[in-house]
Amino acid sequence: MFNESMVKRGTERSVIRELFEYGNARKAELGEEAVCDFSIGNPSVPPPPEFAAALREVTERGEHGYSSAAGLPEVRAAVAEYFRTAFGIPMSASLVYMTCGAAASLVILFSAALREGDEVLVPAPYFPEYAVFLEQAGAKLVPVPTKDFRLDLSALRAAVTDRTRAVLINSPNNPTGVVYTAEELRGLARLLEEEDRKKADPILLISDEPYREIVYGAPSVCPMTVYPDTVVLYSFSKSLSLAGERIGYIAVSPACKDAATLFDAVCGAGRYHGYICAPVTFQRAAAACLGRSADVSVYRANRDLLMGALSDMGYSFAPAEGAFYLFMKALEEDDEAFSERAKSLGLLLVPSKSFGCRGYVRVSYCVPREVIERSLPLFRALMAAYRA
Ligand code: PLP
């Protein structure tokens, strides 16, 4: 009677959400201290003070009417100006589309750029929703192994076929915390340019960047500076701690082949999915805070505390260079069994299976520091249980 595939999508369990709901139920029943919840990537640091000031001012103006479908002209111009000053990219406001966060950006861009049967190479592990968003566009997610969680150019080259239409990268990465260097991205660009010479249309580089500002070493490199056919998908969810407000944008590189036509397709896909006129109050307030971020030093302190203590206990992980995730090696091959064992001690860790990789768990350390302090004896007990 209804769309069976949507019923399936609506009822299948998301491991992250399920752990998160379990944690909330335990806390409601037994009190806050019943679990140490490292399941979900909900920013724990408040938005920067400039955001509250901007929001107050915007709200006082009382302008809540529709904007044009792609967003307010002055907001699109501000984003374009940001690309010019921050990255030296001659971005035009006419190539910026305001969206309801990175999820909407992904859905819109996949519909706009991909055709039935197109293949998209995705370094694994990856954000699980990519699979759902690509499926709605009729495209195929092709997982590509990484080398110590960094881009493996040989594996990427081996995965290219006649149907390859795009490579989707996410740096800083969820779930690993790895941040790609300029050298890595230049290597990827060279590979794509070589492959492009064999194709009628260039391979698109899609860069999903909700964690752009959350880095603990060198700043994130904008892939548009190394490869022309690039589209950046951005969200203010993590940088400004606005995950619940649903605001972000799509920026098509002016150097992209047929950039204006691709942007027309973005507008068409936005219309098709009903993602027009992103929330105007948040368009304005976020635009006033471009390039700013919540206090990243809090996440860095969490990371240092957790990583230092867990290393001392004998755990190992991917290089945690950005975002707010530690990708920790499970103490047995079966990450789901390991996660269950941790859960029985009150530690909520996401098994890596849903990220397209086995044998790890993701630890979201965007939590109050006291949760990390309270969790350390539990991690110690977990290690002891496996050593016994
Ligand atoms: N992409 C990645 C890699 C993410 O981690 C997330 C959210 O956690 C999203 C996209 C979706 O972000 P948004 O909240 O802006 O829709």
Side-chain angles (χ1 to χ4, degrees), residues 14-17 19-20 37-45 47 51 71 79 97-111 120 122-137 141 143 146 149 166-180 205-215 220 223 231-251 270 273-275 278-279 282-283 285-286 289-290 293-294 299 318 320-327 350 352 354-357 362-367:
S14 145
V15 182
I16 300 175
R17 288 264 153 202
L19 268 176
F20 177 61
D37 184 359
F38 295 105
S39 64
I40 208 162
N42 220 353
S44 54
V45 175
F51 177 76
V79 173
Y97 191 98
M98 300 307 296
T99 65
C100 299
S105 305
L106 287 156
V107 168
I108 293 172
L109 187 76
F110 292 164
S111 285
V120 177
V122 187
Y126 52 80
F127 178 54
E129 294 303 282
Y130 289 161
V132 184
F133 299 160
L134 283 168
E135 189 187 304
Q136 65 79 34
L141 187 156
T146 47
F149 305 107
V167 174
L168 170 59
I169 56 170
N170 164 226
S171 170
N173 187 268
N174 173 12
T176 64
V178 164
V179 180
Y180 299 147
L205 179 58
I206 304 173
S207 181
D208 178 27
E209 304 182 11
Y211 303 93
R212 182 192 289 154
E213 292 79 8
I214 306 177
V215 287
S220 300
V231 181
V232 165
L233 310 179
Y234 185 76
S235 166
F236 297 94
S237 289
K238 317 287 175 167
S239 58
L240 294 182
S241 297
L242 297 182
E245 306 298 355
R246 320 309 300 133
I247 188 76
Y249 60 78
I250 298 171
H273 291 289
Y275 278 134
F282 288 93
Q283 284 191 50
C289 300
L290 285 166
S293 69
Y299 297 134
E321 301 161 334
F324 33 54
Y325 306 110
L326 205 54
F327 204 53
V350 183
S352 61
S354 55
F355 299 107
C357 142
R362 188 190 74 173
V363 189
S364 294
Y365 57 81
C366 47
V367 295

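In each ligand, atom 1 is the first atom listed, and ligand 1 is the first ligand listed. In this text, all values refer to a predicted model and were calculated from it rather than measured experimentally.
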### Task
Taking all non-hydrogen atoms of both residues into account, name the closest pair between Ala320 and Leu326 and its distance.
CB-CD1, 3.7 Å
### Message
For the CG atom of Leu168 and the CG atom of Leu141, what is their distance to the nearest 0.5 Å?
### Response
7.5 Å
## Note on the structure
Under 4.0 Å between heavy atoms, the region of Tyr130 that gets near ligand 1 turns out to be side chain
### Task
Pick one of side chain, backbone, both or neither for how Pro210 approaches ligand 1, counting any non-hydrogen atom pair under 4.0 Å.
side chain
### Message
Taking Ser239's backbone N and O only, do any of them form a donor-acceptor pair with Glu213's side chain (distance below 3.5 Å, no angle check)?
### Response
no
#### Entry: Nearest-contact summary for atom 12 (O) of ligand 1 - protein heavy atom, Å
Ala102 CB, 3.5 Å
### Summary
Counting from 1 in the order shown, the ligand 1 atoms closer than 4.0 Å to a non-hydrogen atom of Ser235 are 13 (P), 15 (O)
### Task
Quick one: list whatever passes side chain to side chain contact (heavy atoms under 4.5 Å, CB included) with Ser105, sequence neighbours left out.
Thr99, Leu233, Ile250
### Query
With distance as the sole criterion, is a donor-acceptor pair present between the side chains of Tyr211 and Ser220 under 3.5 Å?
no
### Task
Report, in ascending order of atom number, the atoms of ligand 1 lying under 4.0 Å from any heavy atom of Ala103.
11 (C), 13 (P), 16 (O)
### Query
Within the structure, does Cys100 bring an N/O atom to less than 3.5 angstrom of an N/O atom in ligand 1?
no
## Note on the structure
If we number the atoms of ligand 1 from 1 as shown, the ones under 4.0 Å from a heavy atom of Asn170 are 3 (C)
### Task
Note the single closest protein heavy atom to atom 6 (C) of ligand 1, along with its residue, its atom name and the distance in Å.
Phe127 CZ, 3.5 Å
### Query
Taking only residues two or more places apart in sequence or in another chain, which ones pass ring-ring contact (aromatic ring centres under 6.0 Å, His included) with Phe282?
none
### Task
Return yes or no for this condition: an N or O of Asp208 is under 3.5 Å from an N or O of ligand 1.
yes
### Message
Using a 4.0 Å cutoff against the non-hydrogen atoms of Gly101, which atoms of ligand 1 qualify?
### Response
15 (O), 16 (O)
### Message
Does any part of the side chain of Phe149, heavy atoms only, come nearer than 4.5 Å to the side chain of Pro125, both counted from C-beta?
### Response
yes
### Query
Taking non-hydrogen atoms only, is Ser237 closer than 4.0 angstrom to ligand 1 via side chain, backbone, both or neither?
side chain
### Summary
Min over Glu129, Glu245, Glu209, Arg246 of heavy-atom distance to atom 16 (O) of ligand 1 lands on Arg246
### Message
With a cutoff of 4.0 Å, is Phe236 in contact with ligand 1, counting heavy atoms of the residue only?
### Response
no
### Message
Only heavy atoms of Lys238, strictly under 4.0 Å: list the atoms of ligand 1 that pass.
### Response
7 (C), 8 (O)
### Query
Hey, would you say the Phe110 and Phe133 ring centroids sit under 6.0 Å apart?
no
### Task
Enter the distance from Met98:CE to Tyr275:OH here, rounded to the nearest 0.5 Å.
14.5 Å
